[in-house]
Amino acid sequence: MSTHPVATQSPSVEKPVNLPEPQSLTPERLRAWSWHRQGLDGSLAGCTAEQVLARAGWARSVGGANPYLTLFARAGIRREQVDADVLAHRILELPVARGCTYVLGREDFAWALQLGRDAAESAFKVVGRLGVDRGEITLLEEQVLHTLAEAEGPMDPRQLKDELGDSVRNLGEEGKKKGATTTLPTALGILQSDGRIRRVPANGRLDQQRYAYQPWGLPPSDLDDVDARTELIRRYLGWTGGATFKQSQWFTGFTVAQSKAALAAVGAVEVPTALSTAPAGPHAAGGDPLWMLPEDLGGLAAFEEPAGEQIQLLAGTDSLFLLRRNAADLLAEEDLHKPALGSLALQADLPDHPILDRGRIIGLWQYDPAQERIVPWLFHGPTPAVTQRIAEVEAWIREDLGDFRAFSLDSPASRQKRIDGLAASAKASAAPAGASSAGGTS
């Protein structure tokens, strides 16, 4: 692959670097590159859950099945092993970037928790405006720790509230409006962000949101806040293979100044692409340049797009999409305006789970537990590889999970409209060719 002859200067690296030629960095090539960096090309087969999460990025949980499919798609890891890894504290679900919960490996626990402390402190500011002072929350934290230390096992919020009695203040209607019914969640959030307690899945599974709490005592990180932000940017750019400035800000929650400082600290390089160098005009594709780690530039320049199909079914919250919230970028131009997709091309997040080939979204799917089947809609019909992968993921859901929940409140009833819509779209797409279904399993 040729390189652009003009050298550029990274923010903190004096030696100039040669960038891949912008016109070579087409949407198709960048989709395949991200696919590769996410380990969806088979390069993570046989890895442990910790290794997958270190390479592909932390798995968003929200009480859904995404962490399980993240690990199954990349390394074939079954739910039984994932649950065992959680029980052994090899991986855990923790409030980290922006205070949101992700599943991550043990080497990241301490410094990643440090990233979520601002969100925990923000929750205190909410109750503070309702007349709660810091001393009251600090006292409640100590009482929670004492109660958990004396308990025979993990305690759920209701049990804690009953045990703590009047120490937990009800914040009334005004608190309910602000999402803070009592003072207990604020204390629990601060204790979690400090690693003093840990949230435990009630039945050992990640795809639900019923939790209890137990003491933890995680040793603090030896990184200061600046170093922790630098490490997150380093990991993030490695996970994605490159992202725009705005995309990095969304994931990290950093301010503009913090983002610029972290990018400079890792020597990130601004890389023009075919979209970012497109001519201006009302019909130009547009697109911001990517920020990349210097050590990834050579890999991108030498990267060859796979010739054969690489089919995966992923969750809509998979890190391939969620790290950059760029679902529309993963659609081919010819698929952007399909009527049944509605405004998908304008949305940051997907309405259904995606079916992909080498980073390109080629269809959508939902799971129908009543029929124990995946209901797919393929934009251009199935191939044998697509039909085979749908059958494999369908069997895995049936055997390991029983259902595939997108988030904690997802249910067969709530997704029925989407299931019916996908089935109707599949039928309409198949009608001209006389086919009876769009995936071989519906």
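Nothing here was measured: the structure is a model prediction, and the numbers come from that model. All residue numbers in this chain count up from 1 along the given sequence.
Of the possible donor and acceptor atoms, one in the side chain of R405 sits under 3.5 Å from a partner among the backbone N and O of S408. When atom types are taken as modelled, the side chain of R415 and the backbone of D368 share no donor-acceptor pair closer than 3.5 angstrom. Looking only at distances, no side-chain donor or acceptor of Q366 sits under 3.5 Å from a matching main-chain atom of L422. Under the 3.5 Å distance criterion, the side-chain polar atoms of T387 are left unmatched by any main-chain donor or acceptor of P384. At least one donor-acceptor pair under 3.5 Å links the side chain of Y236 to the backbone N or O of L323. Distance alone, capped at 3.5 Å, is enough to place a donor-acceptor pair between the Q114 side chain and the L223 backbone. Side chain of R31 to main chain of D329: a donor-acceptor pair is present (N/O by atom type, distance under 3.5 Å, no hydrogens or angles). Under the 3.5 Å distance criterion, the side-chain polar atoms of R324 are matched with a main-chain donor or acceptor of G242. With W365 contributing its side chain and P354 its backbone, the two residues share a donor-acceptor pair below 3.5 Å. Remark: the backbone N or O of F254 is paired with a side-chain donor or acceptor of Q249 at under 3.5 angstrom.
Looking at D318 and R74, a side-chain N of the basic residue comes within less than 4.0 Å of a carboxylate O on the acidic one, giving a salt bridge. Using a 4.0 Å cut-off between charged nitrogen and carboxylate oxygen, R210 and D156 do not count as a salt-bridge pair. Between D108 and R235 there is a salt bridge, with a side-chain nitrogen of the basic residue lying less than 4.0 Å from a carboxylate oxygen of the acidic one. For D207 and R205, the salt-bridge test passes: some basic side-chain N is under 4.0 Å from an acidic carboxylate O. Of the charged side-chain nitrogens involved, at least one lies within less than 4.0 Å of a carboxylate oxygen, so that D352 and R418 count as a salt-bridged pair.
Ring pair H353/F404 is perpendicular by interplanar angle, where above 60° counts as perpendicular and below 30° as parallel. Note: F379 and W377 have perpendicular aromatic rings, judged against thresholds of 30 and 60 degrees for the angle between ring planes. Ring orientation note: the planes of W111 and W58 are tilted relative to one another, at an angle of 30° to 60°.
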Exercise for review: Take E394 and R398, measure what salt bridge (charged side-chain N to carboxylate O under 4.0 Å, His left out) needs, and give me the verdict at the end.
Suggested key: CA-CA 6 Å; E394 184 176 83; R398 193 164 51 236; 3.8 Å; yes
Review point. Can you list the steps and then say if I77 with F72 is a side chain to side chain contact (heavy atoms under 4.5 Å, CB included)?
Key: CA-CA 5 Å; I77 301 172; F72 178 73; 5.9 Å; no
**Study point:** Derivation of the side chain to side chain contact (heavy atoms under 4.5 Å, CB included) call for F109 and L218
**Key:** CA-CA 8 Å; F109 291 167; L218 179 72; 4.0 Å; yes
Point to revise | Stepwise side chain to side chain contact (heavy atoms under 4.5 Å, CB included) test for R79 and E399 | key: CA-CA 9 Å; R79 181 179 69 83; E399 296 165 9; over 6 Å; no
**Study point:** Steps toward side chain to side chain contact (heavy atoms under 4.5 Å, CB included) verdict (D420, Q416)
**Key:** CA-CA 6 Å; D420 294 343; Q416 191 60 53; 2.9 Å; yes
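With rounding to the nearest 0.5 Å, the separation of CG in L44 from CD in Q38 is 9.0 Å. A distance of 4.5 Å separates CZ of R196 from CG of L191, quoted to the nearest 0.5 Å. In this structure, L322 CG and Y102 OH are separated by 5.0 Å, a value rounded to the nearest 0.5 Å. The OG atom of S43 sits 11.0 Å away from the CH2 atom of W35 when rounded to the nearest 0.5 Å. Here Q258 contributes atom CD and I233 contributes atom CD1; the two are 10.0 Å apart, rounded to the nearest 0.5 Å. A distance of 11.5 Å separates CG in L40 from CD1 in I311, rounded to the nearest 0.5 Å.
Using a 3.5 Å distance cut-off with no hydrogens or angles, the side chains of S414 and S411 do pair a donor with an acceptor. In summary, the side chains of T48 and R90 do not present any donor paired with an acceptor at a separation below 3.5 Å, with no hydrogens or angles considered.
Taking each heavy atom of I137 and A187 in turn, the nearest pair found is CG2-CA, 4.3 Å. In plain terms, the two heavy atoms of I355 and P376 that are nearest each other are CD1-CB, 3.9 Å.
Test T317, T101, N66 against S61 for side chain to side chain donor-acceptor pair (under 3.5 Å) and you get one pass: T101.
With Y213 as the aromatic partner, R199 does not meet the cation-pi criteria of under 6.0 angstrom to the ring centre and within 45 degrees of the ring axis. For the pair R98 and F251, the cation-pi test (distance below 6.0 Å, angle within 45°) is passed.
Atom CD of E295 has more than 12 heavy atoms from other residues, nucleotides or ligands within 6.0 Å.
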Acceptor/donor pairs from residues 296-306 side chains to any protein atom, 3.5 angstrom cut, sequence neighbours excluded:
| unit_1 | atom_1 | unit_2 | atom_2 | d |
| --- | --- | --- | --- | --- |
| D296 | OD1 | R37 | NH1 | 2.9 |
| D296 | OD2 | R37 | NH1 | 3.2 |

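Scored by the salt bridge (charged side-chain N to carboxylate O under 4.0 Å, His left out) test, E80 finds no partners at all (sequence neighbours excluded).
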